[in-house]
Protein chains: 2
Amino acid sequence: MQKRLSDRAADDILTMIIIEKRFLPGEKLPNEIELSEELEISRTTLREAVRILAANGVVEIRRGVGTFVREDFEMNEKKGISSLAAVKTDIRDLYEMRLIVEPEAAYYAAIRASDEEIEHIMQLGKQIEFEIADGKDRTEAEREFHRAIAKATHNEFMTKLLPVIYQAIDQGVELSRKKRKAILDTVQDHKVIMEFLRMRNGEGAKSAMKIHILHAMEELSMQ
Amino acid sequence: MQKRLSDRAADDILTMIIIEKRFLPGEKLPNEIELSEELEISRTTLREAVRILAANGVVEIRRGVGTFVREDFEMNEKKGISSLAAVKTDIRDLYEMRLIVEPEAAYYAAIRASDEEIEHIMQLGKQIEFEIADGKDRTEAEREFHRAIAKATHNEFMTKLLPVIYQAIDQGVELSRKKRKAILDTVQDHKVIMEFLRMRNGEGAKSAMKIHILHAMEELSMQ
DNA sequence: GTTAATATTGTTGTCTGATGTCTTGGTATC
DNA sequence: GATACCAAGACATCAGACAACAATATTAAC
């Protein structure tokens, strides 16, 4: 009992794809004017229909190029929902946030951390060195290192914010697992940061952290 | 690199629902004309955005009646930014976060904002002046002001993060509506910030914002 | 007074036509 | 060849108008 034309149209197009197999995955649909004329609806209504299909992962719209049946369509039948809800931010934005937040975190950590916390951070730093030396994946250990610094700020919000940023980064990045040459930078950067933390030098820790993040951004060829 | 307005709008509305909790499940959204004006998009574009949300099961459209947040829409998104909203953090921590993030936001806004965005910020600034002159509650207007600046950074994460901080602050504070001397500070601070924004002076905007937040913290007798 | 028919109001649904903007490919120029 | 520019094709957005529907208020009939 669909009354809306846009819903009916979405259904019609889906039928063309699944049942009639008129458009196979990867193929291009007719342009909006042709399709709307064929379905005898206005372009406005057709566009709403296509939005529905796009939201359900059926088609992919490429501005200036056309609308295509998604290559991976048919596999993800149950998916559909709430890809929107997930934070779908640009990696660049996320690193920019790190660049804003983490140097300040290092600053407050240098000032407020307890001796035990500093000691803990040192141990994590050494652990990363070992793992790099063993050729292991350093991602998790490095994350622990940064998390420990965030915690040492004694700012609850900060402590909870950084993991969110890291996870968002994880979701969007799987490239960049290649460029490992920056590993030397990492170890050196960490040493400098730790040194400033131990000396309780807030400004120094801030600057060192800034450089560290900038190095990471370079590694991803940003900035 | 620019995203579609309809996608952005869908995201904005989702933010209103999940993060700002402005519309709870079962509640009605503003009608299409009002919402499109608020988001500063055409009705056509808004309707495409709503189609996306409907396809994702976020809202339900009832012709002739209105558009409603779906009763069974569960905003359990334990990974995303919204999880931070639940955190019950110390007010001091939250203002410290503002002090870290907002000056940088002002910096990037000064550099990246479009002329229209700058103009919009100016208007919001004036509106606050009027509301203060009329003795009205300036909270909401002021939030809009800061939100507009955050948006002008063109950093999506930033745009989503600040509302969370504001909301967390709201939950913990209802005092401090007395000290009126800070009102003059507010107007003056805003003027300075706006001036730097207009001149596209990033460093200036950053400093001015820092001072503004520090004033706000003084008002709450922190630091 | 009760009830049924009818307006009114508010909202979503659809259409038309124009203009903006992005992508791509071709062509001219060097 | 490489580069810069131009034009066509396609999606993106807008503004305004009218239609269809739902809920409520008003009126008419009894």
Side-chain angles (χ1 to χ4, degrees), chain A residues 1-13 16-17 22-23 26-71 84 88 90, chain B residues 1-13 16-17 22-23 26-71 73 112 114-117 119-120 151 154 156:
Chain A
M1 193 61 74
Q2 290 178 340
K3 307 176 199 174
R4 277 187 289 251
L5 277 182
S6 50
D7 284 337
R8 269 202 66 84
D11 216 57
D12 289 346
I13 298 171
M16 291 178 190
I17 295 172
R22 189 168 141 196
F23 314 115
E27 285 187 355
K28 179 176 168 302
L29 269 54
N31 71 42
E32 295 179 343
I33 294 180
E34 286 176 21
L35 238 189
S36 63
E37 281 173 356
E38 178 179 339
L39 296 173
E40 295 179 315
I41 55 178
S42 72
R43 238 193 96 208
T44 310
T45 304
L46 172 71
R47 281 178 58 79
E48 289 184 5
V50 172
R51 278 293 173 287
I52 294 171
L53 293 177
N56 278 59
V58 178
V59 301
E60 179 185 348
I61 307 168
R62 294 218 287 274
R63 179 175 190 175
V65 185
T67 302
F68 301 80
V69 180
R70 278 186 56 153
E71 205 73 67
L84 259 176
K88 206 182 53 186
D90 197 276
Chain B
M1 188 56 112
Q2 280 198 337
K3 274 184 20 181
R4 277 184 288 256
L5 276 183
S6 49
D7 285 337
R8 267 206 70 82
D11 218 55
D12 287 347
I13 297 170
M16 291 178 191
I17 295 172
R22 188 167 140 196
F23 315 116
E27 285 186 355
K28 180 178 168 300
L29 268 55
N31 71 42
E32 295 179 344
I33 293 180
E34 284 176 20
L35 239 189
S36 62
E37 280 173 356
E38 177 177 339
L39 297 173
E40 295 176 312
I41 57 179
S42 73
R43 216 187 125 211
T44 310
T45 304
L46 172 72
R47 282 179 57 78
E48 290 182 5
V50 172
R51 279 291 172 288
I52 294 170
L53 293 177
N56 279 17
V58 178
V59 301
E60 181 185 347
I61 308 167
R62 294 218 288 276
R63 180 175 188 174
V65 185
T67 302
F68 302 79
V69 179
R70 278 186 56 157
E71 204 73 66
F73 174 61
R112 296 185 186 153
S114 70
D115 290 342
E116 291 75 25
E117 285 170 329
E119 182 54 35
H120 186 215
K151 202 164 186 173
H154 297 185
E156 276 186 68

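Each chain gets a letter, A, B and so on, in the order its sequence line appears, and its residues count up from 1.
In this structure, A:R43 and A:L5 both approach DNA chain C, and ranking their closest nucleotides by distance from the 5' end singles out A:L5.
Annotation: the span from B:T44 atom OG1 to B:L5 atom CG amounts to 11.5 Å, rounded to 0.5 Å. Atoms CZ and CG, on A:R51 and A:L53 in that order, are 11.0 Å from each other to the nearest 0.5 Å.
Distances shorter than 4.0 Å separate none of the side-chain N or O atoms of A:R63 from OP1 or OP2 on C:dG20. A:T45 has a side-chain polar atom (N or O) that falls below the 4.0 Å cut-off from OP1 or OP2 of C:dC15. For the pair B:T67 and C:dT12, the criterion of a side-chain N or O lying under 4.0 Å from OP1 or OP2 is met. Remark: A:R4 is not in phosphate contact with C:dT12, judged by side-chain N or O atoms under 4.0 Å from OP1 or OP2. Note on A:R62: every side-chain N or O is 4.0 Å or more away from OP1 and OP2 of C:dT23.
Tested against A:I52, the residues A:D7, A:D11, A:I13 include a single side chain to side chain contact (heavy atoms under 4.5 Å, CB included) partner, A:D7.
Straight-line distance from the CG atom of B:L46 to the C1' atom of C:dG13: 13 Å, rounded to whole Å. Taking atom CZ of B:R51 as the reference point, atom C1' of C:dT14 lies 11 Å away to the nearest angstrom. Protein atom CD of A:E60 is 14 Å distant from nucleotide atom C1' of C:dT23, rounded to whole Å. Atoms CD (A:E37) and C1' (C:dG17) sit 14 Å apart, rounded to a whole Å. Between B:I52 atom CD1 and D:dT13 atom C1' the separation is 14 Å, expressed in whole Å. As rounded to whole Å, 16 Å separates atom P of D:dC21 from atom CD1 of B:I61. Distance A:L39 CG to C:dG13 P: 18 Å, rounded to the nearest Å. If you take CD1 of A:I41 and P of D:dA20, they are 17 Å apart, rounded to a whole angstrom.
Taking the side chain of A:T44 as heavy atoms from C-beta on, and the options D:dT13, D:dA22, C:dC15, the nearest nucleotide is C:dC15. Considering only side-chain atoms of B:R47, the nucleotide from D:dT13, C:dC15, C:dT12 that sits closest is C:dT12. Considering only side-chain atoms of B:V65, the nucleotide from C:dT24, D:dT13, D:dA23 that sits closest is D:dA23.
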Working for side-chain contact (heavy atoms from CB on, under 4.5 Å), residues A:I41 and A:E48: CA-CA 11 Å; A:I41 55 178; A:E48 289 184 5; over 6 Å; no
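Using a 4.5 Å heavy-atom cutoff, the side chains of B:L29 and B:M16 are not in contact.
Looking at B:E32 and B:R47, a side-chain N of the basic residue comes within less than 4.0 Å of a carboxylate O on the acidic one, giving a salt bridge. Of the charged side-chain nitrogens involved, none lies within less than 4.0 Å of a carboxylate oxygen, so that B:K151 and B:E40 do not count as a salt-bridged pair.
Nucleic acid contact for B:R8: none, since no nucleic acid atom lies under 4.0 Å from a heavy atom of the residue.
If you check residues 28-35 of chain B against DNA chain C, the residues with a heavy atom closer than 4.0 Å are B:K28, B:N31, B:E32, listed by number.
With A:N56 contributing its side chain and A:V58 its backbone, the two residues share no donor-acceptor pair below 3.5 Å.
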